[in-house]
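Right, one structure below, let's go through it.
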Amino acid sequence: MIEIVGLVKSFGQLNVLDKIDLQIKRKRVTAVVGPNASGKTTLIKCILGLTRQQAGTIIFDGKPLDGAWDYRRHIGYMPQIARFPDHLKAREILMLLKELRDQPGAKGERLCEAFQLDSELDKPLGTLSGGTRQKINAILAFLFDPDVLFLDEPTAGLDPVAGSLLKDWIMRERDDGKTIVLTSHIMSEIEELADDLAFLVNGRVSIAGSAVDIKNSTGEDKLERAIAQIIVGTKD
């Protein structure tokens with residue numbers, strides 16, 4: 001579905017992505033994980049065209065992304081931090097996007113109902129709690145029923161009930177044939193959701209493969225311990 005070859009991205013003297021090679025498979029959940037400042041969000045932004053790499057190739061559904069933009073209509077993006085104009089209401093944001101895309105956005109409306117957000121939609125976004133804004137963030141990602149979803153720390157700031165609901169929603173989307181890429185620092189969440197995993201360290205892919213294979217290769221029952229064992233082994 002998405003193939004990344006030799007991706008390099010620097011900001012000034014800071015080398016953030018250092019010759020990344022990675023394959024993101026269709027109809028699976030791929031988790032991109034790693035310590036802070038390992039390049040996870042930058043990698044996602046390169047795929048989305050929100051920043052341009054200095055070298056390397058990104059292939060989306062068989063076509064290299066060489067300044068193209070139309071592939072984005074197939075993508076839903078949930079950034080790590082929800083930033084909205086404080087004076088606008090959530091309902092106004094939803095209506096604006098539907099008018100711009102000329103699409104109904106029924107999938108997002110169903111998620112809105114699941115979150116029981118109707119009473120919050122007519123309040124200025126600046127007055128909403130961080131958790132409620134994060135729910136709006138999720139709704140916008142799923143709004144137009146995209147084929148591919150990029151979810152950057154999707155459950156951050158959500159209460160346990162809302163977080164559980166969103167994880168169930170993600171798994172249903174995967175079962176419906178969607179391709180999903182997510183980041184998270186919560187390894188239990190990765191273990192619950194991810195089919196495949198790419199572990200980034202200092203801008204390089206240190207570990208990549210299916211979650212099951214990674215655990216089987218180490219004999220560990222927990223993904224977190226399997227990753228730790230592999231990393232420690234590479235340092236010896």
Side-chain angles (χ1 to χ4, degrees), residues 1-5 7 9 16-17 20-33 39-53 56-84 90 93-112 133-156 166-167 169-184 190 193-198 200 205 208:
M1 179 65 185
I2 302 172
E3 185 176 0
I4 300 163
V5 182
L7 198 69
K9 175 62 183 178
V16 179
L17 300 178
I20 292 282
D21 293 327
L22 182 64
Q23 287 191 343
I24 296 170
K25 298 178 181 178
R26 191 185 302 272
K27 299 180 181 181
R28 293 171 70 84
V29 176
T30 298
V32 180
V33 299
K40 303 184 296 296
T41 297
T42 300
L43 175 61
I44 289 177
K45 287 184 175 181
C46 284
I47 298 172
L48 295 174
L50 298 178
T51 188
R52 293 294 299 272
Q53 69 269 22
T57 303
I58 301 172
I59 300 170
F60 185 94
D61 205 16
K63 298 179 181 179
L65 301 182
D66 187 15
W69 57 268
D70 56 332
Y71 72 99
R72 297 178 194 165
R73 68 176 64 251
H74 304 291
I75 291 176
Y77 175 43
M78 182 178 179
Q80 184 174 352
I81 300 174
R83 292 188 174 95
F84 305 111
I93 293 286
L94 293 170
M95 291 175 61
L96 175 62
L97 291 179
K98 291 176 187 178
E99 289 177 5
L100 288 172
R101 290 283 293 266
D102 193 23
Q103 292 180 251
K107 179 64 71 73
E109 290 175 358
R110 291 200 294 273
L111 182 55
C112 185
R133 290 163 69 93
Q134 186 72 341
K135 293 175 185 177
I136 300 296
N137 199 16
I139 290 165
L140 296 178
F142 289 94
L143 188 60
F144 300 111
D145 196 19
D147 297 322
V148 184
L149 287 148
F150 286 86
L151 311 175
D152 198 354
E153 301 281 351
T155 63
L166 182 56
K167 286 187 287 185
W169 195 276
I170 291 169
M171 288 188 284
R172 282 197 297 272
E173 291 293 288
R174 187 273 313 275
D175 293 342
D176 285 343
K178 303 302 174 62
T179 301
I180 300 171
V181 181
L182 62 85
T183 72
S184 177
I190 296 298
L193 296 175
D195 301 302
D196 302 310
L197 180 141
L200 270 59
V205 176

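- Among residues two or more places apart in sequence or in another chain, the side-chain hydrogen bond (donor to acceptor under 3.5 Å, both in side chains) test is passed with Lys98 by Glu109.
- Of all heavy-atom pairs spanning Leu43 and Leu22, the tightest one is CD2-CD2, 4.2 Å.
- Judged by distance alone, with hydrogens and angles left aside, the side-chain atoms of Asp196 form no donor-acceptor pair with the main-chain N or O of Ile24 at under 3.5 Å.
- Residues that satisfy the salt bridge (charged side-chain N to carboxylate O under 4.0 Å, His left out) test with Asp195, not counting sequence neighbours, are Arg174.
- Here the shortest heavy-atom pairing between Gly49 and Arg72 reads O-NH2, 3.4 Å.
- When the ring-ring contact (aromatic ring centres under 6.0 Å, His included) test is applied to Phe84, no partner is found at least two apart in sequence or on another chain.
- Between Phe144 and Leu97 there is a side-chain heavy-atom pair separated by less than 4.5 Å.
- By the side chain to side chain contact (heavy atoms under 4.5 Å, CB included) test, Thr183 is found to be paired with Val32, Lys40, Ile44, Asp152, Glu153, residues two or more places apart in sequence or in another chain being considered.
- For Met171, the CE atom is densely surrounded, since the number of other residues' heavy atoms within 6.0 Å is greater than 12.
- Across Leu151 and Pro154, no two heavy atoms sit closer than the pair O-CD, 3.7 Å.
- Once rounded to the nearest 0.5 Å, the distance linking CG of Asp147 with CG of Asp176 reads 11.5 Å.
- The OG1 atom of Thr179 sits 7.0 Å away from the CD1 atom of Ile2 when rounded to the nearest 0.5 Å.
- Proximity of Lys107 to Glu173: side-chain heavy atoms (C-beta onward) are separated by under 4.5 Å at one or more points.
- At most 12 non-hydrogen atoms from other residues, nucleotides or ligands lie less than 6.0 angstrom from CZ of Arg73.
- When side chains are defined from C-beta on, Gln53 does not count as touching Leu17, because their heavy atoms never get closer than 4.5 Å.
- Thr155 OG1 to Ile170 CD1: the interatomic distance, rounded to the nearest 0.5 Å, is 7.5 Å.
- Judged by distance alone, the side chain of Lys178 and the main-chain N or O of Lys27 form no donor-acceptor pair under 3.5 Å.
- Between Tyr77 and Leu50, the shortest heavy-atom distance links the atoms CE2-CD1, 3.8 Å.
- Here the side chains of Glu3 and Val5 are in contact, with some heavy-atom distance below 4.5 Å.
- With sequence neighbours left out, Ala90 forms a side chain to side chain contact (heavy atoms under 4.5 Å, CB included) with Leu121, Leu125, Ile136.
- Counting non-hydrogen atoms of other residues, nucleotides and ligands closer than 6.0 Å to CZ of Arg83 gives a total of 12 or fewer.
- Remark: Ile139 CD1 to Arg110 CZ distance equals 12.5 Å, nearest 0.5 Å.
- Asp61 has its side chain out of reach of Tyr71: every pair of non-hydrogen atoms, C-beta onward, lies at least 4.5 Å apart.
- Two residues are said to be in side-chain contact when any heavy atoms from C-beta on lie closer than 4.5 Å; Ile81 and Asn137 fail this criterion.
- Cys46 SG to Ile4 CD1: the interatomic distance, rounded to the nearest 0.5 Å, is 8.5 Å.
- Judged as a salt bridge (charged side-chain N to carboxylate O under 4.0 Å, His left out), and not counting sequence neighbours, Lys63 has no contacts.
- The distance from the NZ atom of Lys9 to the CZ atom of Arg52 is 9.5 Å, given to the nearest 0.5 Å.
- The minimum heavy-atom distance between Leu166 and Ala138, with the atom names listed, is CD1-CB, 4.2 Å.
- The two residues Thr41 and Gln80 come nearest to each other via the heavy atoms OG1-OE1, 3.9 Å.
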